[in-house]
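Shown next, in structure tokens, is the structure this report addresses.
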Amino acid sequence: MSARVGIIMGSKSDLNVMQDAADICQEFGVEFEMTVVSAHRTPERMFTYAKKAAQKGLKVIIAGAGGAAHLPGMVASITTLPVIGVPVKSSNSIDGWDSILSILQMPNGIPVATVALNAAKNAGLLAVQILATADDSLAQKIQAYKEDLKKKVEESAEEMEK
């Protein structure tokens with residue numbers, strides 16, 4: 001079976017952040033592919049990736065980028081798949097705000113779901129939840145995950161209150 005989630009980033013230096021999305025996909029048993037696609041340095045590669053993503057069996061794309069962070073928006077303008085943008089605080093970033101605003105402020109008609117700065121884990125979870133709308137088994141895994149989060153908070157509260 002083809003990969004179901006595409007995880008792309010503007011530079012290999014973003015891997016330390018974007019690995020969290022891959023880890024979530026693995027945790028839920030969701031197939032994924034991961035690669036570097038730069039909107040600025042390899043626009044033809046970006047165009048080809050976005051254009052062929054659905055044909056390859058992808059259902060969601062997670063795109064992380066720092067600095068000017070055009071990758072998620074440009075990919076969203078080319079594909080019909082949902083795109084989740086991860087703003088990355090990179091070495092050339094203005095405290096992460098440039099990445100956040102570049103991804104968040106998309107014009108009407110080209111939506112990009114945007115998670116918090118460096119929050120690739122949440123991007124992975126959102127991708128899994130999108131896939132779970134058409135997969136009952138995955139939906140049950142998401143429900144169990146959330147129940148486990150709830151349990152951990154309740155255990156922490158009990159421990160603190162002692």
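Note that these values count all heavy atoms, side chains included, but never hydrogens, waters or copies made by symmetry.
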Looking at side-chain heavy atoms only, is the closest gap between [X] and [Y] below 4.5 Å?
X      : Y      : result
Val60  : Phe32  : no
Met9   : Val37  : no
Leu15  : Met34  : yes
Thr79  : Lys52  : no
Asn118 : Val86  : no
Ile8   : Ile62  : no
Glu147 : Lys150 : yes
Met46  : Leu71  : yes

Audit row: Lys56, Glu33, salt bridge (charged side-chain N to carboxylate O under 4.0 Å, His left out) steps and yes/no: CA-CA 10 Å; Lys56 293 192 310 184; Glu33 66 178 35; 2.8 Å; yes
How many angstroms lie between atom [atom1] of [X] and atom [atom2] of [Y], to the nearest 0.5 angstrom?
X      : Y      : atom1 : atom2 : result
Leu58  : Glu31  : CG    : CD    : 10.5 Å
Thr80  : Lys51  : OG1   : NZ    : 10.0 Å
Ser156 : Glu161 : OG    : CD    : 10.5 Å
Lys59  : Thr133 : NZ    : OG1   : 11.0 Å

task: Using a cut-off of 6.0 Å, state whether more than 12 heavy atoms not belonging to Asp136 lie near its atom CG.
output: no
message: Is it the case that atom NZ in Lys141 sees more than 12 heavy atoms from other parts of the structure closer than 6.0 Å?
response: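 Check passes, neighbour count above 12.
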message: Let me check something: do Met18 and Ile100 share a hydrophobic cluster, defined by ILVMFWY side-chain heavy atoms less than 4.5 Å apart, either directly or through other members?
response: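 No, Met18 and Ile100 fall in different hydrophobic clusters.
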- request: Answer yes if Val153 and Ile142 sit in the same cluster of Ile, Leu, Val, Met, Phe, Trp and Tyr residues linked by side chain heavy atoms under 4.5 Å apart, and no otherwise.
  value: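 Result: no, two separate clusters.
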Which atom of [X] lies closest to which atom of [Y], heavy atoms considered:
X     : Y      : result
Ile7  : Cys25  : CD1-SG, 4.4 Å
Ile61 : Ala53  : CD1-CB, 3.8 Å
Ile24 : Gly124 : CG2-C, 3.6 Å

Could you tell me whether the side chain of [X] and the main chain of [Y] form a donor-acceptor pair under 3.5 Å?
X      : Y     : answer
Ser102 : Ala68 : yes
Arg41  : Gly10 : yes
Asp98  : Ile94 : yes

- prompt: Charged N to carboxylate O under 4.0 angstrom, Asp95 versus Lys89?
  reply: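 Yes, this pair counts.
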Listed pairs under 3.5 Å, donor-acceptor, residues 104-117 side chains, sequence neighbours left out:
unit_1: Thr114; atom_1: OG1; unit_2: Val112; atom_2: O; d: 3.2

- prompt: What's the verdict on side chain to side chain donor-acceptor pair (under 3.5 Å) for Tyr145 and Gln129, showing C-alpha distance, side-chain angles and the deciding distance?
  reply: CA-CA 11 Å; Tyr145 178 87; Gln129 286 181 280; over 6 Å; no
